[in-house]
Structures are given as structure tokens and as C-alpha cells.
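Nothing fancy with the numbering, it's 1 onward along the sequence.
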Amino acid sequence: MGLSLFGSLNCFSESAMTSPSLEKVPFVDLSWQHEPLKAEIAQAVAAVLQRGDFILGEAVAAFEAAFAAACGVEQAVGVGCGTDAIAFGLTACGIGAGDEVLLPANTFVATLIGVLRAGATPVLVDCQGDTALMDLAAAERAITSQTRAIVPVHLYGQMVSPQALLSLAQRHDLLIFEDAAQAHLAQREGYRAGSVGSAAAFSFYPSKNLGALGDGGMLVTQQAAVAQTVKSLRNYGATRKYYHTEPTGTNSRLDTLQAAVLHLKLPHLAQWNQARSQLAQHYDHHLKPLAKQGIVPIRNDSGAGHVYHLYVIRVTPHCPVERTTLQMAVEAAGIQTGIHYPVPCHLQPAFQNLGYGAGDFPQAEALSQEILSLPMYPGLTPAQIERVVSVLYDQVTQASLSPKAG
Ligand SMILES: *Cc1c(COP(=O)(O)O)cnc(C)c1O
């Protein structure tokens, strides 16, 4: 059963299944982590089939306990996706209608959707250009008498400074809710992602640092009451079967099958993160000569605690090649890239009713034009990184020899 079962679960790219040639460099290769775990995954799935406890089965509670311990928190509650973890978590923390919630403008829209789903009023804040992290001075200026919470996003795998967050929260009596969807096991200033605030949300979208074979998410918290409310919210708002107390409850549980797979992957996570960090250092080292040509990596202010969900460079206005041109050339050379994210939240058509416009968040807007995410996953090789950088190097040198044609 092992092989055919795995075959039916396999949804990864073609290139991932062939041996990684030096030529093509995939952005992410999920088969790299799943291949060696095939037998274990089949076994875990077989065990769930045997028990038949597909909804909130024993693997869910077991994984919740293991994940809470890994984050250094008391409680973890598995939900359907990271977006629901944000919405449920804020609701459970008592954040809702009439409450202003600070969040960065340059995040994946799910952060904003989560805040809106909780019924709160989102207040967007600009970021720092060099780290792409939420600008806490700008956040402080945006505080009003209605501000109740701040949702820092540990973007690309780097935590927003816990000390700065805690001191801001203390000065203004704010609740901290971390969006840690890109930062499983990240650390900074002695804190682990998910342990800084009242609660935090993680995502297990397949390409996240810890990914399921489908969707999944987790709410973590030190507070038993918050965890209890999220358990109700994920299960139709029920406190016990057929007794419903939470009006915003819905159906959003972490599948038993996903929990079983995530649980067997969890022991590998620290090592995978370490590999990402080493590969990032390799990129940093080889990209150094391109700094004077205007290509600079997003700055790492947290050393080995940065878990590099993404490795992002900025193609600044000093670069002789424009970002889009550079990206097209790199893709033509068989190197997959991404842009995280091309449109900041405040300029998305869906959220025009929030009343923001172009020019409101200059750093976030500039970044969206400059950023380029390069291939990053634990199985990437130093040779592949050197190839990516040499393609960038060739493009930039060619362009600086001829006048700027874009
Ligand atoms: C992935 C992600 C989410 C949402 O998680 P889903 O599991 O896809 O719902 C939220 N915030 C950030 C920053 C993310 O990267």
C-alpha cells in the first residue's frame, strides 16, 4: 500500500520528482522532505485509517501537545488553516467590533482577513525598508483611544523584536497577537515565535517551514481560557456536543490525518530551519559583491534565530536592471522566483473600503516594487545558490556595460 498511497498524496511539481539538475532551480521542492519520510507517512496514515478517528482524533491532541512544547507555550489548538487561527485567536482574546488592531501593510492578506473576520477595525502600519518588518515607531503613532491590539507579522521567518513589542504593548496597554505563519521555531532576544504575546497563529500550508499535505493551522497561547474558546470556535461554537455558546463558531478543525503527518515531521523542523539559515548565509556571502550594484538582501537582525521561510533580496533603484527585467531573465535561466508580495494590503482592490490609498505607506509600496524571493528550501544546494547568484551577476554586469534599457 505504501507506494500507491504516497503516489495519490503526491501533489508536487514535476521537477521535484527528478534529480535536482544543476540547470533548473525550483523555488521550493517539497518532495525533498517527503521522499525520505514516505514509509513513515504511510504508516501514520494507516494508523489513522485503523482507528477511524478522522475528526479530532488522538493524533490531533498529540500533535497539539508536541507543537506547544516546541514553541515553549502551554496550549495549542489545531484548526483548519492559519487564517482561521488568526480570526479565532483574536476573538478568543476578546478582540472584536469597535477595537482597532494594528498590523503591517506589507503582509500576506490573510493577516488582514483574520483581523476583519474577528470583526475588529484594522489599522495598517508601514514597515522598515531594510528588514521589511513592521515599523513599531509608526505603529505607536497610529495608536488611538480605540487601539486594543497589535498583530506583528514575523515576516519571511524573522521575528519582530520581542523586547520592542513588549515595551510598546506595556506603554499603551495593548494585546500582542503574533502572526507566526512564516516563523515556526524562529527566535529573537531569547524568545520563541508564538511565546511573546497573548496568543499566536501558525499556518501549515504545504510550503511553510512546517507544512501539512494540505491546509492546516494552529493557535498557540499561554492562557487556558483562550485555548478553550478556540476549541469551541473551531467546532461550531459548541462547548459540548449540541450545546452552542459561541455565535461566530464554525467548522475549522485540523484534520487527524494532517496532525499525524505534521507530528512525524516536527522532530525534523529544527534541522530543516538550520539548513535554511546556512543556505541564507551562503546567499549573503555570494551576493555581497552585488551590493554596490544595488542588490541587497533583506537585513537579518536576529542572527541564527531567523528561520528563512523566504530568502528575499531588494533590487533597489541603484541597480542598473529593473526588478521585473531581472526576474524575467532569472526565470528564463530556469530559476524559479517569487514576489512576496507584489501589492501591499492597502492597495488591494478588495480592501479599498478601508480608505487607504497610494502614498500612505511609502516603505511598503517601495518594497513591493523592489523585492524578489529567491529559491529557498532545506534541500537546496550551495552549488544551486552559486548558480542563482551568477545569473544575477551576469545580468547586472551586462546591464551596467550598456545604458539602462530596463
Ligand atoms: C500563510 C500565511 C497566513 C495564512 O495561513 P493559511 O494557512 O494559508 O490560512 C497568514 N499570515 C501569513 C503571514 C502567512 O504567510
Test side chain to side chain contact (heavy atoms under 4.5 Å, CB included) applied to Tyr236 and His244, Glu246, Lys241, the passing residue: His244
Exam field: side chain Glu331 to backbone Thr337, donor-acceptor pair closer than 3.5 Å: yes
Check: Ile295 and His318 side chains under 4.5 Å, non-hydrogen atoms: no
Distance in Å, Leu310 CG paired with Ile339 CD1, rounded so as to fall on 0.5 Å steps: 12.0 Å
Phe361 ring center within less than 6.0 Å of His346 ring center: yes
Single hit among Leu257, Leu210, Leu213 for side chain to side chain contact (heavy atoms under 4.5 Å, CB included) with Leu262: Leu210
Derivation of the side-chain contact (heavy atoms from CB on, under 4.5 Å) call for Ile385 and Leu374: CA-CA 9 Å; Ile385 286 176; Leu374 302 179; over 6 Å; no
Atom pair CD (Glu386) and CD (Gln384), whose distance is rounded to the nearest 0.5 Å: 10.5 Å
Within 6.0 Å of OH in Tyr205, more than 12 heavy atoms from elsewhere: no
Ion pair Arg314/Asp130, N-O distance below 4.0 Å: no
Enclosure of Phe351 CZ (heavy-atom neighbours >12, cutoff 6.0 Å): yes
Note, Ser161 side chain near Asp301 side chain (heavy atom, < 4.5 Å): no
Side chain to side chain donor-acceptor pair (under 3.5 Å) evaluation trace for His154 with Glu178: CA-CA 7 Å; His154 301 320; Glu178 299 161 73; 2.9 Å; yes
Side chain proximity check, Ile298 to Ile313, heavy atoms < 4.5 angstrom: no
Cys345 vs Leu124, side-chain contact (heavy atoms from CB on, under 4.5 Å): CA-CA, chis, key distance, verdict: CA-CA 8 Å; Cys345 290; Leu124 298 177; 4.3 Å; yes
Minimum heavy-atom distance Ala85-Ala201, with the two atoms named: CB-CB, 3.6 Å
Intermediate values then yes/no, side-chain contact (heavy atoms from CB on, under 4.5 Å), Val73 and Phe67: CA-CA 9 Å; Val73 299; Phe67 193 75; over 6 Å; no
Ser368 (side chain) donor-acceptor with Pro344 (main chain) under 3.5 angstrom: no
Side-chain (Arg188) to main-chain (Gln163) donor-acceptor, under 3.5 angstrom: no
NZ/NE/NH1/NH2 to OD/OE distance under 4.0 Å, Glu64 and Arg253: no
Heavy atoms of other groups near Arg171 CZ, more than 12 under 6.0 Å: yes
Intermediate values then yes/no, side chain to side chain donor-acceptor pair (under 3.5 Å), Gln128 and Thr131: CA-CA 6 Å; Gln128 296 172 320; Thr131 63; 2.8 Å; yes
Student check: side-chain heavy atoms of Val160 and Val153 closer than 4.5 Å: no
Evaluation steps, side chain to side chain donor-acceptor pair (under 3.5 Å), between Thr121 and Gln146: CA-CA 9 Å; Thr121 305; Gln146 305 302 309; over 6 Å; no
Side chain Asp255, main chain Gln258, donor-acceptor under 3.5 Å: no
Whether His282 and His286 hold their rings parallel, tilted or perpendicular, with breakpoints at 30° and 60°: tilted
Heavy-atom closest pair, residues Leu279 and Thr381: CD2-C, 4.3 Å
Aromatic plane relationship, His184 with Phe202 - under 30° parallel, 30 to 60° tilted, over 60° perpendicular: tilted
For the student: nearest non-hydrogen atoms of Asn106 and Ala132, plus distance: ND2-O, 2.8 Å
Inter-residue atom distance Met376.CE - Asp29.CG, 0.5 Å rounding: 14.0 Å
Partner of His340 by ring pair (Phe, Tyr, Trp, His ring centres under 6.0 Å), out of Phe27, Tyr156, Tyr311: Phe27
Check against salt bridge (Lys or Arg N to Asp or Glu O under 4.0 Å), Asp173 and Arg148: CA-CA 7 Å; Asp173 193 21; Arg148 293 276 319 281; over 6 Å; no
Thr221-Gln75 side chain donor-acceptor pair, cut-off 3.5 Å: no
Under 3.5 Å: donor-acceptor pair, side chain of Thr91, backbone of Ala87: yes
Val125 versus Leu102, closest heavy-atom pair with distance: CG2-CD2, 4.0 Å
Within the 6.0 Å centroid threshold, strictly below: Phe204 and Phe63: yes
Smallest separation among heavy atoms of Val315 and Val321, with atom names: CG1-O, 3.5 Å
Minimum heavy-atom distance His309-Lys208, with the two atoms named: CE1-CA, 3.6 Å
Asn235 versus Asn251, side-chain donor and acceptor atoms under 3.5 Å: no
Validation row: Gln187, Ser302 side chains within 4.5 angstrom (heavy atoms): no
Side chain to side chain, Gln182 and Leu155, heavy atoms closer than 4.5 Å: yes
Centroid-centroid distance, Phe108 to Tyr341, less than 6.0 Å: yes
Any donor-acceptor pair under 3.5 Å from Asp360 side chain to Gly357 backbone: yes
Atom NE2 of His172: over 12 foreign heavy atoms under 6.0 Å: yes
side-chain contact (heavy atoms from CB on, under 4.5 Å) between Val101 and Val123, intermediate numbers included: CA-CA 6 Å; Val101 174; Val123 175; over 6 Å; no
Distance in Å, Tyr377 OH paired with Gln33 CD, rounded so as to fall on 0.5 Å steps: 11.5 Å
Heavy-atom side-chain contact between Ser198 and Cys93 under 4.5 Å: yes
Short side-chain to backbone donor-acceptor contact, Gln222 and Glu74, under 3.5 Å: yes
Check: Gly80 main-chain N/O paired with Arg234 side-chain donor or acceptor under 3.5 Å: no
Val312 side chain reached by Pro297 side chain, heavy atoms, under 4.5 Å: no
Any donor-acceptor pair under 3.5 Å from Thr107 side chain to Pro104 backbone: no
Donor-acceptor contact present, side-chain His263 to main-chain Ala259, <3.5 Å: no
Worked verdict on Thr316 versus Glu370 for side chain to side chain donor-acceptor pair (under 3.5 Å): CA-CA 6 Å; Thr316 66; Glu370 294 179 5; 5.8 Å; no
N-O pairing of Arg51 and Glu58 below 4.0 Å: yes
